[in-house]
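None of the values given here were measured: they were computed from a predicted structure.
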Amino acid sequence: MMANDSYFGTSDIEYVRKTNEDRYLIKELKDGSVLLAVADGLGGEAAGDYAAETLQKNLTGLTHISRNDEQRELDQLAREIDRSIYAEGQENKSLEGMGSTLVGVLLRDRIAYWVHVGDSRLYLLRDRKLTQVTEDQTLARFLLDEGEITAEQLPSHYSRHVMDQCVGCGYTEPETGRFKLLAGDILMLSTDGLHGEVPWNTLQLILNTDTN
């Protein structure tokens, strides 16, 4: 998804899955700002699909985000959807434990305001260099921060696949940020079905090829 007023989204079920638990959104708000988002459902095929769909519908209904309060409102929005999904899972046992990742970006006045929960990611391609903006909210990251494992252990540690946060856990702690967009910047929002399977160098090559 590009930051030069051009946007593109796609999702693929691949060959080994029966359902696609990924959802994406490209939505223009009333003031002309653009909201981009991706979500990856968790908690079994039916429940994960439903959680991601619920998150997408909540974001689709959004029409306004206040100026000068973007990060706080994005944080609050993620927390509200978290509580809603959690409550529905408690009421319906077939959906218990469902949740979703979230990466959302509001593009306004050449600034990207982002919110992040889970292990879906936001990347920035600038000057042909790909940078990961968000950090995965996984058990491995928690253990690293607590000094239980080292940075050298992180790439191969089992806990890198264990999520510490999701939208729907009932206690989510979103992370937010912002950065100024420059001419030629490309933003990529992805679930682990992409960045977990396609090598970093290949992603960088593809994105750079698209700019030629």
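For Thr202, the side chain to side chain contact (heavy atoms under 4.5 Å, CB included) partners two or more places apart in sequence, or in a different chain, are Val198, Pro199, Ile206. Residues passing the salt bridge (Lys or Arg N to Asp or Glu O under 4.0 Å) test with Arg83, sequence neighbours excluded: none. For the salt bridge (Lys or Arg N to Asp or Glu O under 4.0 Å) test, no residue two or more places apart in sequence or in another chain qualifies with Arg178. With sequence neighbours left out, Thr101 forms a side chain to side chain donor-acceptor pair (under 3.5 Å) with Ser120. A search for salt bridge (Lys or Arg N to Asp or Glu O under 4.0 Å) contacts involving Asp136 returns Arg121, not counting sequence neighbours. Considering only residues two or more places apart in sequence or on other chains, Gln204 meets the side chain to side chain contact (heavy atoms under 4.5 Å, CB included) condition with Leu125, Lys129, Leu130, Trp200, Asn208. With sequence neighbours left out, Thr150 forms a side chain to side chain contact (heavy atoms under 4.5 Å, CB included) with Glu152, Gln153. Applying the side chain to side chain contact (heavy atoms under 4.5 Å, CB included) rule to Gln56 yields the partners Arg23, Glu53, Thr60; only residues at least two apart in sequence or on another chain are considered. Qualifying side chain to side chain donor-acceptor pair (under 3.5 Å) partners for Thr134, counting only residues two or more places apart in sequence or in other chains: none. Checked against salt bridge (Lys or Arg N to Asp or Glu O under 4.0 Å), Glu175 has the following partners two or more places apart in sequence or in another chain: Arg141.
Heavy atoms only, all atoms of each residue included: Val103 and Leu189 are closest at O-CD2, 3.5 Å. Smallest separation of non-hydrogen atoms from Thr191 and Asp40: CG2-CB, 3.8 Å. For the residue pair Ser100 and Ala52, the shortest heavy atom distance occurs at OG-CA, 4.0 Å. In plain terms, the two heavy atoms of Gln132 and Glu135 that are nearest each other are NE2-CA, 4.2 Å. The two residues Thr172 and Ala78 have their closest heavy-atom pair at CG2-O, 4.2 Å. Nearest heavy-atom pair across Val133 and Phe179 is CG1-CE2, 4.1 Å.
To the nearest 0.5 Å, atoms CG (Leu207) and OH (Tyr123) are separated by 10.0 Å. From Arg110, atom CZ reaches atom CG of Asp185 across 8.0 Å, with rounding to the nearest 0.5 Å. Taking CZ of Arg126 as the reference point, atom CD1 of Ile186 lies at 12.0 Å (rounded to 0.5 Å). For the atom pair CG (Leu181) and CD1 (Ile111), the distance works out to 8.0 Å, reported to the nearest 0.5 Å. Of the inter-residue distances, the one linking Glu28 atom CD with Leu107 atom CG reads 11.0 Å to the nearest 0.5 angstrom. We find the OG-CG distance between Ser159 and Leu154 to be 7.0 Å, quoted to the nearest 0.5 Å.
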task: Would you sort out whether Val34 and Leu29 count as a side-chain contact (heavy atoms from CB on, under 4.5 Å), showing the intermediate values?
output: CA-CA 6 Å; Val34 176; Leu29 304 186; over 6 Å; no

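Among Leu74, Ile65, Leu35, the single residue meeting the side chain to side chain contact (heavy atoms under 4.5 Å, CB included) criterion with Tyr113 is Leu74. None of Val38, Leu36, Leu59 except one satisfies the side chain to side chain contact (heavy atoms under 4.5 Å, CB included) rule with Tyr24; the exception is Val38.
Taking a 6.0 Å sphere around CG of Asp127, one finds it holds 12 or fewer heavy atoms contributed by other residues, nucleotides or ligands. Other residues, nucleotides and ligands place no more than 12 heavy atoms under 6.0 Å from the OH atom of Tyr86.
Hydrophobic clustering (ILVMFWY, side-chain heavy atoms < 4.5 Å, transitive): Val117 and Phe142 are in distinct clusters. Neither Val167 nor Leu139 shares a network with the other; the hydrophobic side chains, linked directly or stepwise wherever heavy atoms of I, L, V, M, F, W or Y lie under 4.5 Å apart, form separate groups for each.
Under a 3.5 Å cut-off, the side chain of Thr209 and the backbone N or O of Leu205 do form a donor-acceptor pair. Side chain of Asp82 to backbone of Cys169: a donor-acceptor contact under 3.5 angstrom is found. For His64 (side chain) and Lys30 (main-chain N/O), no donor-acceptor pair under 3.5 Å exists by modelled atom type. A donor-acceptor contact shorter than 3.5 Å links the side chain of Asn58 to the backbone of Thr54. Remark: the backbone N or O of Glu173 is paired with a side-chain donor or acceptor of Gln137 at under 3.5 angstrom.
Side-chain contact between Pro155 and Arg160 is absent, with no heavy atoms from C-beta onward closer than 4.5 Å. Residues Leu102 and Ile81 have side chains not in contact (no heavy-atom distance under 4.5 Å, counting atoms from C-beta outward). In this structure, Met188 and His195 have side chains that are not in contact, with every pair of non-hydrogen atoms separated by 4.5 Å or more. With contacts defined as side-chain heavy-atom distances shorter than 4.5 Å, the pair Leu77/Val115 does not qualify. His157 is not listed as a side-chain neighbour of Leu144, based on a closest heavy-atom distance of 4.5 Å or more. Thr138 is not listed as a side-chain neighbour of Val162, based on a closest heavy-atom distance of 4.5 Å or more.
Sequence neighbours left out, the pairs with a member in residues 54-70 that pass salt bridge (Lys or Arg N to Asp or Glu O under 4.0 Å) are Asp31-Arg67, Arg67-Asp109, Asp69-Arg72, Glu70-Arg108.
Residue Leu42 belongs to a hydrophobic cluster whose other members are Met163, with links defined by side-chain heavy atoms closer than 4.5 Å.
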